[in-house]
Amino acid sequence: MAKEITSRAQDYSQWYNDLVLKGGLADYSAVRGCMVIKPYGFALWENMRDVLDKMFKDTGHQNAYFPLFVPKSLFEAEEKNAEGFAKECAVVTHYRLKTDPNNKGKLIVDPEARLEEELVVRPTSEAIIWNTYKDWIQSYRDLPILVNQWANVVRWEMRTRLFLRTAEFLWQEGHTAHSTMEEAVEETRKMLDVYATFAEEYMALPVIRGVKSESERFAGAVDTYCIEALMQDGKALQAGTSHFLGQNFAKAFEVKFLNKENKQEYVWATSWGVSTRLIGALVMAHSDDDGLILPPRIAPLQVVIVPIYKGDEQKAAITEKVNAIISGLKAKGISVKYDDNDNARPGWKFNEYEMKGVPVRLAIGARDLENNVIEVARRDTKEKNTVALDTVVDVVDQLLKDIQVAMFEKAKAYRDAHITPVNSWDEFVKVLNEKGGFVAAHWDGTPETETAIKEQTKATIRCIPFDQPEEAGTCILSGKPSKGRVLFAQAY
RNA sequence: CGGGAGGUAGUUCAGCCCGGUAGAAUACCUGGUUUGGGACCAGGGGGUCGCAGGUUCGAAUCCUGUCCUCCCGACCA
C-alpha cells in the first residue's frame with residue numbers, strides 16, 4: 001500500500017532512486033543504462049525545454065537537426081574531442097539482420113552486411129555539425145551561425161544513475177560559428193548566463209558561474225565555462241556547460257571564411273548544452289523525505305484540489321465551488337487538477353501529491369462550505385492555512401510566486417553555508433570529510449596538484465568562479481604561490 | 001570493468017539450503033459501507049518464477065551461460 005521512501009539520512013542514493021521511481025518521473029528499462037521517462041517526468045522536461053527554447057530564440061538562435069550517426073572518419077577529425085569521447089562510443093558496424101539458419105525464429109547479424117565505414121552514435125555533435133558548417137560558410141557575411149538542436153546522445157557510461165548519468169540522454173546542444181574570437185567568447189559567456197538565469201529563476205537552483213580547470217575542460221575546447229550547483233548531500237553537480245572552442249574545429253574541418261579584406265580566416269566556434277541531468281539536480285536540490293518538491297514555474301502540475309465529502313450531494317456542492325476556482329486559476333495561467341476520484345480517500349491523495357511534489361494543494365469539505373473557506377497547503381514547508389473562498393485564486397497565485405522564491409532562498413542559504421574557505425591541507429580534508437560542499441582554497445594552477453588532490457580526497461576543482469577576487473596565497477597541497485581561490489568539491 | 005546484493009502477481013516480498021508443478025500483503029475488478037492525513041467487509045481475476053541451455057521421471061529450487069537492476073570502487077567530455 002504505502003510507497004515508502006527511504007530517508008535521506010538512511011541512504012541518500014536510495015532516497016534519490018525512490019523519488020524518481022515513486023514520484024513517477026522515470027523507470028528502468030530493458031536496455032542497460034537507458035531509462036524510460038514517464039509522462040510526469042517528461043512533462044517536467046517539456047516545461048524546462050520550452051523555457052530554454054524561448055530563451056535561445058530570444059538570444060537569436062534557431063533550431064536545426066543533424067544526424068544521429070557520425071562517420072568514424074569525421075568523428076576522429078578533431079583529435080582531442082575524438083580521444084576524449086572514444087572510450088564511451090556506441091558504434092554501428094552492420095546494417096542488416098538475417099534469420100538464424102541454426103535457430104528458428106531468431107535473428108543474427110548478417111556478416112555480409114558489414115558497413116565499409118563504421119558509424120559512431122553521436123556522444124556530442126561537433127563533428128557532424130562542423131562538417132556541415134563547412135558548406136554553409138564562405139564569407140564573413142555568412143556569420144555568425146547561431147544554431148541549436150534538441151536531440152538524444154549516447155555515452156556508454158560504466159555506471160549509470162537515473163537522470164544523473166544515463167547511457168542515452170536528452171539534451172540541447174548549441175553550436176555557433178563566429179568571425180572573431182571576441183564574438184565567440186561573448187557568445188560562450190552569454191549562453192552560460194542564459195543557463196544560470198534558467199537554473200536560478202525557473203529551477204530555483206542557485207549556481208556558481210565559473211571556468212573549468214584544464215583537466216576538467218571539454219575535449220576539444222579552449223575554455224569550458226560551467227554552472228555548478230550543490231546537492232543536499234554536499235556533493236556538487238555540473239548543471240550546464242558552455243565551451244569556447246577557439247578555431248579547433250574550424251581547423252579540423254577546414255572551415256574558413258573570407259573577411260572584409262578578402263583574406264581567408266578560420267572560423268571561431270562555441271558549443272553549449274544542458275541535459276535531462278537537470279532533472280536529477282532539481283530532485284536532489286529541493287526534495288525531502290516525503291517526496292519531490294518541484295518549483296512552481298516548471299512543475300507539471302501547480303495546484304491539486306482534493307474534495308472531502310460524504311455522499312453525492314456534498315460532492316456535487318463541493319464540485320460546484322471547485323469549478324469556479326478552477327476557472328479562476330486557469331484564467332491566470334495556473335495548471336490545476338481536480339482529483340475527485342472516488343477510489344482514493346483524501347489522506348491517500350495528500351500523500352500521493354506530496355510525493356509528486358505538486359507545489360500547492362487545496363482541500364475543501366462540507367465544513368469549509370459552511371464557512372465559505374478552503375484549506376491551502378504548500379508543499380515546500382507543509383504549512384496549511386484556511387482562506388476565504390472568494391480570495392483563494394489570488395492567494396494561490398501569490399503563493400506559487402512565494403514558493404518559487406522560498407525554494408530558491410532555502411537552496412541558496414544552504415549553498416552559501418557550504419562554501420567554506422580554508423587555508424591549510426588539514427582544514428581542507430576536514431571540511432570535505434565532515435561538512436562537504438564547496439571548499440574555497442588556493443591552488444598552484446597545475447594539473448599535477450589537482451590530480452594529487454583528487455586522488456587523496458576525491459574532490460575536484462569544480463570551477464574557478466568568475467567573481468573570485470584576486471588574492472595572493474599559497475597552494476594548500478604544494479605550498480606554491482597562488483593568485484586566487486578555486487572551488488573544490490566532491491561531485492556527481 | 002572489479003567486489004557485494006538482487007530479479008518470483010502491477011508493487012513489496014516469502015518459498016530455494018533439503019527438487020514434487022507457486023503463496024502472502026498490497027494494488028486491481030464487482031457489490032456494499034465509508035471519506036478532514038495512506039478506510040473496512042464480502043466475493044473475484046491475475047504469475048511461461050528475468051532469459052537460454054543443462055541435470056532429472058519431475059526444476060522457482062541444482063548446474064552453466066546470459067541480460068537487467070541496486071550498493072561500493074574505478075571511469076565520467
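- Shown here for A:Arg462 and A:Lys212, the closest heavy-atom pair between the two residues is O-NZ, 2.9 Å.
- A:Phe66 does not carry A:Arg122 over the face of its six-membered ring by the limits of under 6.0 Å from the centre and within 45° of the normal.
- Look at CG on A:Leu21: it is 12 Å from P on B:rU69, rounded to the nearest Å.
- In this structure, A:Ser13 and A:Arg217 both approach RNA chain B, and ranking their closest nucleotides by distance from the 5' end singles out A:Ser13.
- Using a 4.0 Å heavy-atom cutoff across all strands shown, A:Tyr28 reaches sugar-phosphate atoms only and no base atom.
- With sequence neighbours excluded, the residues satisfying ring pair (Phe, Tyr, Trp, His ring centres under 6.0 Å) with A:Phe198 are A:Tyr202.
- Considering only side-chain N and O atoms, A:Arg32 lies under 4.0 angstrom from the phosphate OP1 or OP2 of B:rC68.
- Atom CH2 in A:Trp348 sits roughly 18 Å away from atom C1' in B:rC40 (whole-Å rounding).
- Pair check for B:rA24 finds B:rU12; Watson-Crick or G-U wobble, both atom distances under 3.5 Å.
- In terms of phosphate contacts, A:Lys87 brings no side-chain nitrogen or oxygen within less than 4.0 Å of OP1 or OP2 of B:rC1.
- Counting non-hydrogen atoms under 4.0 angstrom, A:Gly273 reaches nothing in the nucleic acid.
- When the P atom is used for both B:rG6 and B:rG44, the distance is 36 Å, rounded to whole Å.
- If you take atom P in B:rG36 and the same atom in B:rU30, they sit 22 Å apart, rounded to whole Å.
- The partner of B:rC1 is B:rG73, by the rule that a Watson-Crick or G-U pair needs both atom distances under 3.5 Å.
- Using atom P as the reference point in both B:rU56 and B:rG19, the two lie 16 Å apart (nearest Å).
- Proximity of A:Arg361 to the phosphate of B:rG37: no side-chain N or O atom is located under 4.0 Å from OP1 or OP2.
- In this structure, A:Arg161 places its CZ atom 17 Å from P of B:rC75, rounding to the nearest Å.
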Stepwise side-chain hydrogen bond (donor to acceptor under 3.5 Å, both in side chains) test for A:Thr188 and A:Ser242:
CA-CA 6 Å; A:Thr188 311; A:Ser242 185; 4.9 Å; no
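- In this structure, CD of A:Gln10 is placed 13 Å from C1' of B:rC71, rounded to the nearest angstrom.
- Comparing the same atom, C1', in B:rU21 and in B:rA59 gives a spacing of 9 Å after rounding to whole Å.
- Annotation: B:rU26 and B:rC70 have their C1' atoms spaced 23 Å apart (nearest Å).
- B:rC13 and B:rA5 have their C1' atoms separated by 15 Å, with the value rounded to a whole Å.
- B:rC1 and B:rG65 have their P atoms separated by 15 Å, with the value rounded to a whole Å.
- Judged by atom type and distance alone, A:Arg345 does not reach the base of B:rG36 through any side-chain donor-acceptor pair under 3.5 Å.
- Using a cut-off of 4.0 Å between Lys/Arg side-chain N and Asp/Glu carboxylate O, A:Asp288 and A:Arg379 are scored as salt-bridged.
- The A:Tyr309 side chain lies nearest to B:rU35 when the options are B:rG36, B:rC1, B:rU35.
- Put simply, CZ on A:Arg159 is 9 Å from C1' on B:rC70, counting in whole angstrom units.
- Pairing partner, B:rU64: B:rA52, with both Watson-Crick or wobble hydrogen-bond distances short of 3.5 Å.
- Annotation: of the two residues near RNA chain B, A:Glu88 and A:Ile364, the 5′-most nearest-nucleotide partner is A:Ile364.
- Distance A:Glu370 CD to B:rG36 C1': 13 Å, rounded to the nearest Å.
- Scanning both residues, A:Tyr65 and A:Ala151, for their nearest heavy atoms gives CE1-CB, 4.1 Å.
- When heavy atoms are screened at a 4.0 angstrom cut-off, A:Lys80 is found touching no nucleic acid atom at all.
- At a cut-off of 3.5 angstrom, the base of B:rG36 holds no donor-acceptor pair with the side chain of A:Lys310.
- By the 4.5 Å heavy-atom criterion applied to side chains, A:Tyr338 and A:Thr319 are counted as neighbours.
- For A:Asn17, no side-chain nitrogen or oxygen approaches OP1 or OP2 of B:rU69 to under 4.0 Å.
- Counting non-hydrogen atoms under 4.0 angstrom, A:Asp368 reaches a base of the nucleic acid.
- Using a 4.0 Å heavy-atom cutoff across all strands shown, A:Asp342 reaches at least one base atom of the nucleic acid.
- The separation of B:rG20 from B:rG58, taken at their C1' atoms, amounts to 7 Å, rounded to a whole angstrom.
- Under the Watson-Crick or G-U wobble criterion, with both distances below 3.5 Å, B:rG19 has no partner in any strand shown.
- Residue A:Glu354 is classed as a base contact, given a heavy-atom separation below 4.0 Å to a base.
- Distance, A:Lys349 NZ to B:rA39 C1': 13 Å, rounded to whole Å.
- Counted by atom type alone, A:Ser271 and A:His175 present zero donor-acceptor pairs between their side chains at under 3.5 Å.
- Within 4.0 Å (heavy atoms only), A:Ala491 reaches no atom of the nucleic acid at all.
- Nucleotide B:rU33 forms a Watson-Crick or G-U wobble pair with B:rA39, both donor-acceptor distances falling under 3.5 Å.
- When distances are taken from the side chain of A:Ile308 to each of B:rG38, B:rC76, B:rU35, the shortest belongs to B:rU35.
- Distance CG (A:Asp339) to C1' (B:rG37): 15 Å, rounded to an integer number of Å.
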